[in-house]
Amino acid sequence: MAAFGSVFMPEMAISWFDDERWSEAEVVPGNSLQLHPGAHVLHYSSTCFEGLKAFRQGDGSVKIFRMDRNINRIAQSSELLALPKIDKAQVAQMITSIVARFADQVPEAPGSMYIRPTHVGTEPAVGKAAVPSISSCFYVLLSPVGDYFAGGDHALRLLVDDKNMRCPPHMGMVKSGGNYAGALLPTMKARAEYKADQVLFCPGGDVQETGAANFLLIDGDEIITKALDTSFLHGVTRDSILTLARDLGMKVSERTLTVDELLERAAKPGCEAALSGTAAVLTSVGTLIHNGQEYKVGNGGIGETTLKLRRALNDVQWGRSEDKYGWLTSV
Ligand SMILES: *Cc1c(COP(=O)(O)O)cnc(C)c1O
């Protein structure tokens, strides 16, 4: 099985902004992006992206999960990066039409079609380190993905880093390239030194998130997770899981969680922790590593409540339960 996100559909949807308006969206070969080597994005990281999925329903139709949320988020990312303002209606049209074009390639459950809208600053101007790009390109890639848990569902090991930030505080809600590049070295070090899968960034002891997923602590029937602020990425999966958890009668506490409280609570039997994101949905965290010491979360394995919440979300995505919040868009 190819690595997640390494197989692409042969075509993509694309539109260019030329300082005044967006060009009419086109469908072009998926490997045909031409940029000037001096393009703003290649020097000053004027780039943002989204990750969402389309799911094949039981009746064979294809639906996209929470597309409006992802479009709003890339509109916000673009604004916070001083990229040209996107045309949300055009982007929605680009996403639904490219998915419809490749509808027969959307894998059956438990697979799905991963959708990667991307917005980059294209102006060839290496002198614009402190000035925005006046032109840009918006494209939508598709990548069919299999069952994320096909290799077995392992509980993750997280290095709890209470010193470093994942990114500057004002960049937390921007889904932008530089933030990921900046988190690579700390994550590679955590792998080499502690066999950790990810780093849980907790600057000043404030539990935020990992390099590309939100963090949830599940203590009995209560979920504790950081309240939304500008310092971290507002996950659509996070929001969906919290909504479904409330529906299941769980208590949702969006508030500050300190490393001290996390380590204290995690040790209790029955406690669970999980990472949420579009790719991995909801993945159990079994071990926390802090100051060279290992702490098991609950029994250190896959959490039952985590599985229950993941299933509840998957059931909506694949149309096995009622879409009562209107999260699915037909293509
Ligand atoms: C994409 C992402 C998430 C998860 O967001 P979803 O909308 O749930 O996929 C969380 N944190 C970071 C840093 C991310 O890039």
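Numbering of ligands and ligand atoms starts at 1, following listing order. None of the values given here were measured: they were computed from a predicted structure.
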Ranked by distance from atom 4 (C) of ligand 1, the top protein heavy atom is G277 CA, 3.9 Å

In this structure, atom 7 (O) of ligand 1 is nearest to the protein heavy atom V236 N, 2.7 Å

Contact check, G211 vs ligand 1, heavy-atom distance below 4.0 Å: yes

With respect to T278, determine whether any N or O atom, backbone or side chain, lies less than 3.5 Å from an N or O atom of ligand 1. yes

Please compare E209, R73, K175, K53 and report which has the shortest non-hydrogen distance to atom 14 (C) of ligand 1. K175

Below the 3.5 angstrom mark, is there an N/O of R166, backbone or side chain, next to an N/O of ligand 1? no

Taking D219 first and then R265, would you say they form a salt bridge - that is, a charged N and a carboxylate O separated by under 4.0 Å? yes

Count the heavy atoms belonging to other residues, nucleotides or ligands that lie under 6.0 Å from CD of E222, then report whether that count exceeds 12. yes

Work out whether the distance between some heavy atom of H234 and some atom of ligand 1 is less than 4.0 Å. no

Keeping the roles fixed (side chain from D206, backbone from T256), state whether a donor-acceptor pair exists under 3.5 Å. no

Option of least heavy-atom distance to atom 3 (C) of ligand 1 (set: S240, G235, A212): A212

Aromatic ring centroids of F232 and F201 under 6.0 Å? no

I'd like to know whether the aromatic ring centres of Y139 and F49 sit less than 6.0 Å apart in this structure. no

Looking at R101 and E11, does any basic side-chain N land under 4.0 Å from a carboxylate oxygen? yes

Going by the closest heavy atom to atom 15 (O) of ligand 1, which one wins out of Y180, F201, F49? Y180

Can R66 and D239 be counted as an ion pair, charged N to O under 4.0 angstrom? yes

So which bit of R69 gets within less than 4.0 Å of ligand 1, heavy atoms only: side chain, backbone, both or neither? neither

Is the shortest distance from a Lys or Arg side-chain nitrogen in E50 or R116 to a carboxylate oxygen in the other one below 4.0 Å? no

Identify the closest protein heavy atom to atom 8 (O) of ligand 1: which residue and atom is it, and at what distance? T237 OG1, 2.6 Å

